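Data block below; observations after.
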Protein chains: 2
Amino acid sequence: MSAASLSKLGLQDGDSRPTKGKSIRAAILLAAAKLATTKGLTGLSIGALAAEVGMSKSGLYAHFKSKQELELAIVETAATIFNDDVIEPAIVAEPGIVRLRALIDSFLAYLKSRHFPGGCFFAAVALELDTRPGPARDLVLQVLDRWLGLLRQCIIDAQVRGELDTDADVAQTVFEIEAMLLAANFLFVMTADLNQLTQARTGVENVLQRLVVNASPKNKSSARGSPN
Amino acid sequence: MSAASLSKLGLQDGDSRPTKGKSIRAAILLAAAKLATTKGLTGLSIGALAAEVGMSKSGLYAHFKSKQELELAIVETAATIFNDDVIEPAIVAEPGIVRLRALIDSFLAYLKSRHFPGGCFFAAVALELDTRPGPARDLVLQVLDRWLGLLRQCIIDAQVRGELDTDADVAQTVFEIEAMLLAANFLFVMTADLNQLTQARTGVENVLQRLVVNASPKNKSSARGSPN
């Protein structure tokens with residue numbers, strides 16, 4: 001986790017147990033977000049969470065009025081980390097294909113860091129929350145929509161800048177790129193094999209190669225046949 | 001769910017509550033497998049399951065000695081359904097690319113049927129079980145390995161039969177195809193939008209088109225252009 005996001009959460013690198021004031025709540029939420037990636041939000045017991053942060057259950061309840069409030073605060077914590085560690089470092093890159101590759105690399109580095117034992121927090125809890133309407137689900141959907149929207153905007157910018165074929169189906173391209181990232185998340189967590197991350201990166205390039213304009217004739221013919 | 005798999009489980013089409021004998025256990029397990037796709041195995045409470053099948057908690061405990069035994073039986077039930085509904089109808093197809101497409105279509109039809117509210121059972125529970133060694137996790141890994149092995153064998157058979165380029169990286173191709181299926185599962189459950197299934201199917205064809213041998217130049221150009 002980046003020093004920036006830990007600091008924003010009121011923590012320092014290496015924090016695993018609460019110390020004082022604001023950071024107690026932050027440490028609880030960080031531990032809870034990590035646990036939720038393997039146990040789900042439904043499966044996250046207050047008892048297990050209290051044990052993880054070295055507090056009593058009643059001590060933990062003092063920080064959150066209800067399980068619903070705790071869940072929303074967990075999702076907010078994960079959203080802050082995702083924004084600071086994945087999106088912010090990449091969004092400064094030049095628009096179009098350079099920013100797209102920066103976002104992909106940033107996401108894969110985030111998986112590789114294994115800060116969350118169950119991989120991407122949002123992929124882990126999204127399906128579970130899908131059947132439970134409420135503010136936690138709404139925020140998860142908002143983070144996913146923003147992410148897919150960023151990928152989409154990169155493709156459109158790349159088309160406008162003449163980097164990608166303007167005939168390319170934007171929604172299809174976003175689907176295929178997101179597919180590589182979801183597979184990286186799932187298969188890397190399952191196997192702990194770094195090759196899964198490399199394969200995802202290669203998969204993204206294979207998608208782009210089909211749509212790149214101004215590739216040399218040799219590349220073009222191997223990637224997508226002769227131009228129409 | 002197919003009549004064959006329901007019958008093998010001791011149920012008939014439309015069964016949602018236990019009736020008698022062997023089918024009581026089967027109905028409990030089917031309901032539990034469905035619930036597990038949204039709540040996870042950890043989040044599956046005996047109380048919620050008992051309510052779902054219209055039994056008392058003690059009545060339900062009479063069928064299973066422990067939560068661990070229940071979990072393994074749930075995974076076995078899901079494995080039977082996956083085998084009967086996804087693999088068996090497709091495995092009879094001609095080896096190579098025909099069988100590969102049959103497996104893909106079969107999997108997407110299984111998602112479309114929405115028999116499991118949280119999508120593919122194995123995708124739903126795999127990450128959760130990853131941190132909990134035991135027979136349930138082993139069986140989940142076995143089902144996933146078999147599935148990926150089937151896709152791999154189809155690619156190899158397609159190469160031997162001259163349908164796909166023998167230079168194609170088999171592991172990379174399997175990764176990209178599985179990526180489309182994982183994305184279909186995740187995004188279809190999240191959005192209930194059938195376009196996600198169509199995009200996955202198009203994504204698989206885009207992967208294959210890059211590797212198909214003996215396509216005519218005309219086909220090559222139209223198939224490798226934008227996937228409209």
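If you're wondering where the values come from, they're calculated on a predicted model, not measured in any experiment. So you know, we letter chains A, B, ... as the sequences are listed, proteins then strands, and number each from 1.
- For chain B, the option among A/Asn195, A/Val189, A/Leu129, A/Thr198 with the highest count of heavy-atom pairs below 4.5 Å is A/Val189.
- Although no hydrogens or angles enter the test, the distance criterion places no donor-acceptor pair under 3.5 Å between the side chain of A/Gln199 and the main chain of B/Glu176.
- Residue B/Leu41 does not touch chain A at all, counting heavy-atom pairs closer than 4.5 Å.
- Contact detail for A/Ala184 and B/Phe175: the closest heavy-atom pair is N-CZ, 3.8 Å.
- Using a 4.5 Å cut-off between heavy atoms, B/Leu44 makes no contact with chain A at all.
- A distance of 9.5 Å separates CG of A/Leu182 from CG of B/Asn185, quoted to the nearest 0.5 Å.
- Contact of B/Leu181 with chain A is not made at all, since no heavy-atom distance falls under 4.5 Å.
- Rounded to the nearest 0.5 angstrom, A/Leu148 CG and B/Leu187 CG are separated by 6.5 Å.
- Taking each heavy atom of A/Gln172 and B/Gly203 in turn, the nearest pair found is NE2-N, 3.3 Å.
- Heavy atoms of other residues, nucleotides or ligands lying less than 6.0 angstrom from NZ of A/Lys67 number more than 12.
- Rounded to the nearest 0.5 Å, atoms CG (A/Asn206) and CG (B/Asn206) are 11.5 Å apart.
- You'll find the side chain of B/Leu144 reaches within 4.5 Å of the side chain of A/Phe186, heavy atoms only.
- Within 6.0 Å of CD in A/Gln68 there are 12 or fewer heavy atoms belonging to other residues, nucleotides or ligands.
- Here the side chains of A/Thr38 and B/Glu128 are not in contact, with every heavy-atom distance at 4.5 Å or above.
- By number of non-hydrogen pairs under 4.5 angstrom with chain B, the leading residue of A/Gln196, A/Arg132, A/Lys39, A/Glu178 is A/Gln196.
- The most heavy-atom pairs under 4.5 Å with chain B, out of A/Ala124, A/Gly40, A/Ala171, come from A/Ala171.
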